[in-house]
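Read the structure below first, then the notes.
Residue numbers begin at 1 in each chain, while the letters A, B, ... track the order of the sequences. The structure presented is a predicted model; accordingly, all values stated were derived computationally and were not measured.
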Amino acid sequence: MSLATTYSPTDVEAKWYQRWQEQGFFKAKPNPKKKPYTVVIPPPNVTGVLHMGHMLNNTIQDVLVRRARMQGKEACWVPGTDHASIATEAKVVALLKEQGISKTDLTREQFLAHAFEWKDKYGGIILEQLKQLGASCDWDRTRFTMEPDLTDAVLRVFVDLYNKGLIYRGVRMVNWDPEGRTAISDEEVIAKDVQAKMYYLKYAVVGQEGQFLTVATSRPETIMADVAVAVNPNDPRYAHLAGQKVRIPLLGREIPVIFDEYVSMDFGTGALKVTPAHDLNDYELGVKHNLPVIDILADNGTLNEKAVLYVGQDRFAVRKQIAKDLQEAGLLEKIEEYASIVQTSERTKAVIEPKLSLQWFMKMEQMAKPALDVVENDTVKLHPPKFKNMYRAWMENVRDWCISRQLWWGQQIPAYYLPDGTFVVALTAEDALQQAIAQTGKADLQLSDLRQDEDVLDTWFSSWLWPISVFDGFKDPDNADINYFYPTNDLVTGPDILFFWVARMIMAGLEYRQEVPFKNVYLTGIVRDAQGRKMSKQLGNSPDPLDLIAQYGADGVRTGMLFSAPAGNDLLYDVKLVEQGRNFSNKLWNAFRLVKGWEADASLPFVNAKPVEWFNAKLQAAIVEMDDHFEKFRMSDALMTIYKLTWDDFCAQYLEMVKPAYQHPIDAETLRHTTAYLETLLKLLHPFMPFITEELWHELAERGPRDYVTVAPWPRATAPANSAETLANMDKALAIVAGIRTVRNQKNLGPNKPLTLVAKTDEPQLVTDYEGIIRKLGSILEVSFADAGPAASVSFVLGGSEFFIPLEGHIDLAAERARLEKELEYAQGFRDSVQKKLGNEKFAQNAKPEVLEKERQKLADAEAKIAALEQALKGL
RNA sequence: GGGGGAUUAGCUCAGCUGGUUCAGAGCAUCUGCCUUACAAGCAGAGGGUCGUAGGUUCGAACCCUACAUCCCCCA
């Protein structure tokens with residue numbers, strides 16, 4: 001045989017991916033004769049590179065899509081990338097900085113030119129990497145969230161929602177990212193636990209020399225923005241301060257003491273400094289008590305001139321310095337350690353500052369309601385369903401979405417300001433002008449009089465339209481693609497963007513198509529390392545996916561990831577998993593080598609009816625099981641089913657049963673069945689291991705020009721007659737084989753030392769029927785029947801039957817007796833417990849008849865076994 | 001602080017409405033094998049009082065209560 005004993009994936013994989021593309025197997029177009037099956041990719045960042053999370057996520061999508069394709073559906077997997085406004089802009093800014101260019105030196109147009117140049121050069125690498133994984137996307141449909149058509153969709157939606165009154169502009173407290181110098185939405189903020197300090201500051205009471213009011217704060221650098229100190233009206237400690245003023249330490253400005261039940265008496269000193277510009281709660285308190293707002297922070301997190309002190313210094317530097325200065329001034333009572341949380345930016349990791357600013361918002365309440373309903377009533381199913389609770393909690397407490405970002409990389413907000421300070425919202429500048437003229441009555445307004453809003457929209461404001469916009473459903477709401485492919489079927493993504501993205505897509509789908517965007521949402525876990533740590537650059541614990549593919553093959557990596565990836569559970573990645581995947585490829589390869597090497601001889605009789613019938617029963621049961629697992633999105637279990645069928649049932653059992661002696665031909669019918677089985681296995685394995693199955697598909701037989709396993713029909717289960725009996729009988733036969741092998745192991749006989757078997761059984765027909773298999777797999781020369789075992793022999797009991805292997809010189813009577821006695825004791829104990837159960841009147845009254853019947857059967861079986869064991873002991 | 005989930009073999013997990021020979025899988029472990037498809041392999045074996053304590057029931061890994069530990073989301 002010339003085929004190598006180990007499978008080498010590298011050449012094979014590149015070859016088949018190219019052929020598939022040449023054949024156009026991944027291209028989808030509306031086809032009324034077929035059912036559509038649609039998946040839209042969660043678009044990765046355009047500048048991203050493939051990491052382990054993508055590998056898992058896209059493997060799952062590919063498995064679903066490939067299976068659907070084989071099931072004869074018009075499978076459409078739409079790929080694409082996301083412009084990721086804040087992340088990409090940050091990268092471009094950093095890159096320009098390296099070249100000595102500052103963003104502030106550039107115009108918007110110049111900056112965008114740089115950004116696009118960079119995007120064209122490095123963008124989309126990730127899509128090429130997905131091809132190496134085997135992803136069967138329709139690449140002709142590749143979209144980008146900032147391309148003209150998708151931008152058009154974004155602008156249309158903005159204008160529409162504005163006209164419906166769902167988008168508004170207003171001053172609100174927003175999350176300000178001083179690093180990205182932009183507002184971000186609540187969902188982009190991540191709370192982190194930190195060990196912080198609590199500073200106790202002394203505010204002098206005006207007009208009462210030597211009297212101080214002590215205020216505890218974790219942010220002493222904001223005292224310059226204080227406008228009041230608040231205490232609880234029920235707090236006797238401070239009742240005397242009614243109508244008094246206190247002086248801000250260092251600064252000396254006088255501020256009132258106010259009373260509000262909001263203040264907690266047991267936190268800190270019970271006195272709270274009120275800083276409306278830099279804390280949401282303080283802001284609300286300020287509004288209630290009609291207090292001014294003093295904003296002392298600049299956009300980059302330094303103090304501005306309103307602070308008076310420390311102007312131009314960073315807030316954290318000021319915190320350290322002011323503590324020192326307060327100490328020296330005698331105005332710092334003490335500092336305490338204190339466990340706190342800080343809000344950080346999901347993208348830049350910078351500490352967020354609450355900041356009052358003028359931003360655009362989208363009202364969420366009205367849209368959230370129907371989007372919650374469809375999940376509650378399972379129109380959209382979440383897998384696993386535990387995420388339903390999380391989803392509900394979020395949707396019931398949803399807040400308005402801040403959609404404006406102070407960035408350049410993104411869709412510029414289509415709002416146009418007029419000289420009089422009012423604005424209009426329109427799809428184009430020309431439309432805006434018309435509106436402006438109509439609104440003001442000034443016919444002489446020019447385009448140059450209008451100034452477009454400088455801000456761009458949140459990236460998610462384009463992603464939330466993705467399932468519709470990739471099919472041009474906004475520009476052309478009745479086109480053939482959208483009508484056919486929408487709603488999509490399954491969405492595969494991480495739970496971290498359930499609200500960012502999934503919930504909002506549902507809202508957009510219901511708003512613009514009156515239909516949910518997908519029926520199932522499969523939420524993957526996070527890929528962690530073997531110790532359960534997140535993959536991170538600092539730890540260096542994240543393998544390079546492309547290295548893995550090169551080393552283990554894409555098939556090996558794909559199956560490796562899926563071996564341990566139940567939905568919603570984190571996957572603890574271990575190289576052993578990928579090795580297991582690679583080993584499985586190799587197992588399959590060798591099974592193929594064996595079958596391929598057989599010569600058929602048509603003159604030989606068909607001797608393998610039993611194995612052929614048995615494996616068919618196994619195969620059909622496995623197909624049913626796999627379909628069920630797929631139905632429930634249990635991908636790991638579906639893989640495990642076909643893994644065990646292939647490895648254990650096909651290779652370890654079936655092939656060993658039918659394998660002819662070395663260099664002997666095989667009968668033609670057995671070969672025909674075996675080849676057909678192998679083909680079916682290749683089909684069932686294909687979604688998981690597309691490359692090796694395609695390779696073997698073509699190696700196994702001459703194929704027509706379009707005959708690929710990629711488009712082969714998915715096997716349909718047909719229940720064979722007498723399937724249960726076939727399986728049960730073979731189980732008995734294999735138990736006899738296992739008994740023989742156990743004896744070989746115990747007695748240290750090699751696997752090939754010829755032995756004979758004597759059966760004392762009430763099922764002689766079964767033993768006769770399966771004698772060939774028992775002889776072959778057990779290396780048994782001869783099987784005979786007797787009422788008693790030969791003197792010098794080892795025996796084992798199965799059910800009510802006893803089997804003897806004559807072994808002169810290997811018998812240790814005492815040990816045999818001990819072993820049998822132990823078995824007998826166990827069987828008796830079991831029989832007693834069943835008897836007791838059956839003897840219980842209440843059990844007999846309450847148990848269902850089938851349960852009772854089963855218990856009686858158990859008792860009968862146990863008694864037969866006990867009898868056989870007692871006989872065996874007597875025979876010793 | 002509010003809400004949710006989890007706790008089953010060394011590890012990762014199944015175990016559907018309580019009852020299939022006193023709880024299963026994969027991996028790992030141990031023993032023996034280079035047996036002519038495959039040592040990336042073959043054959044066999046061991047390993048769990050189902051987090052703890054109560055309760056309901058003829059019967060509990062599964063239902064109820066409390067406690068403990070861990071994780072996630074929100075504040």
Among [options], the one nearest [X] by side-chain distance:
X        : options                : result
A/Met390 : B/rC38, B/rC73, B/rA75 : B/rC73
A/Glu656 : B/rA37, B/rA40, B/rG32 : B/rA37
A/Thr742 : B/rU36, B/rG26, B/rG44 : B/rG44
A/Gln580 : B/rC38, B/rA75, B/rG26 : B/rG26
A/Phe843 : B/rU31, B/rU35, B/rG19 : B/rG19
A/Met640 : B/rA37, B/rG26, B/rU31 : B/rG26
A/Lys587 : B/rG19, B/rC42, B/rU35 : B/rC42
A/Leu572 : B/rC58, B/rA37, B/rU12 : B/rU12
A/Lys842 : B/rC58, B/rG44, B/rA25 : B/rC58
A/Cys651 : B/rG44, B/rA43, B/rA37 : B/rA37

Base, sugar-phosphate or nothing for [X]? Non-hydrogen atoms, less than 4.0 Å.
X        : value
A/Trp598 : nothing
A/Ala591 : base
A/Ala530 : nothing
A/Arg744 : nothing

Could you check how far [atom1] of [X] sits from [atom2] of [N], rounded to whole Å?
X        : N      : atom1 : atom2 : value
A/Lys865 : B/rC22 : NZ    : P     : 11 Å
A/Leu523 : B/rC73 : CG    : C1'   : 13 Å
A/Phe499 : B/rC74 : CZ    : C1'   : 9 Å
A/Leu562 : B/rC27 : CG    : P     : 16 Å
A/Lys388 : B/rC73 : NZ    : P     : 21 Å
A/Gln653 : B/rA43 : CD    : C1'   : 11 Å
A/Leu777 : B/rG44 : CG    : P     : 10 Å
A/Ile740 : B/rC33 : CD1   : P     : 21 Å

When you measure from the side-chain N and O atoms of [X] to the phosphate of [N], is any distance below 4.0 Å, counting only OP1 and OP2?
X        : N      : answer
A/Trp394 : B/rA75 : no
A/Asn586 : B/rG41 : no
A/Tyr573 : B/rC11 : no
A/Arg399 : B/rA75 : yes
A/Lys386 : B/rC72 : no

Find which nucleotide of RNA chain B each of A/Arg741 and A/Lys576 is nearest to by heavy atoms, and output the residue with the more 5' nucleotide.
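The answer here is A/Lys576.
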On RNA chain B, check which nucleotide each of A/Phe592 and A/Gln343 is closest to and give me the residue with the more 5' one.
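By nearest-heavy-atom nucleotide position, the 5'-most residue is A/Phe592.
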[atom1] spacing across the pair [N] / [M], given as an integer number of angstrom:
N      : M      : atom1 : result
B/rG15 : B/rC58 : P     : 28 Å
B/rC42 : B/rC34 : P     : 16 Å
B/rU35 : B/rG41 : P     : 16 Å
B/rC67 : B/rG1  : P     : 14 Å
B/rG18 : B/rC64 : C1'   : 13 Å
B/rG46 : B/rA40 : P     : 26 Å
B/rC27 : B/rC71 : P     : 30 Å
B/rC33 : B/rU49 : P     : 33 Å

Under a 3.5 Å cut-off for both contacts, is [N] paired Watson-Crick or G-U wobble with anything, and if yes, with which nucleotide?
N      : answer
B/rC33 : B/rG41
B/rU7  : B/rA68
B/rG47 : none
B/rG1  : B/rC74
B/rU57 : none

Ignoring hydrogens and geometry beyond distance, is a side-chain donor-acceptor pair present between A/Asp555 and A/Ser585 at under 3.5 Å?
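No pair is found: no donor N or O on one side chain lies under 3.5 Å from an acceptor on the other.
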Between A/Thr742 and A/Asn745: side-chain donor-acceptor atoms closer than 3.5 Å:
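No, no side-chain donor-acceptor contact under 3.5 Å.
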For the ring pair A/Phe650 and A/Tyr654, is the centre-to-centre distance below 6.0 Å?
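Ring-ring flag for A/Phe650/A/Tyr654: true, centres closer than 6.0 Å.
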How about A/Phe688 and A/Tyr643: are their ring centroids closer than 6.0 Å?
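So the answer is no for these two rings.
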Would you say A/Arg744's side chain and A/Ser779's backbone share a donor-acceptor pair under 3.5 angstrom?
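Looks like yes, one N/O pair under 3.5 Å.
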Do the rings of A/Phe267 and A/Tyr338 sit parallel, tilted or perpendicular, given the 30° and 60° boundaries?
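Because their plane-to-plane angle is over 60°, the rings of A/Phe267 and A/Tyr338 count as perpendicular.
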What is the ring orientation for A/Trp501 with A/Trp460, classed by angle as parallel under 30°, tilted 30 to 60°, or perpendicular over 60°?
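Correct class here is tilted.
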A/Thr646 and its side chain to side chain contact (heavy atoms under 4.5 Å, CB included) partner, picked from A/Leu684, A/Leu588, A/Leu678:
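Going through A/Leu684, A/Leu588, A/Leu678 one by one, the side chain to side chain contact (heavy atoms under 4.5 Å, CB included) with A/Thr646 is satisfied by A/Leu588 alone.
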Looking at side-chain heavy atoms only, is the closest gap between A/Glu870 and A/Leu824 below 4.5 Å?
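They are in side-chain contact.
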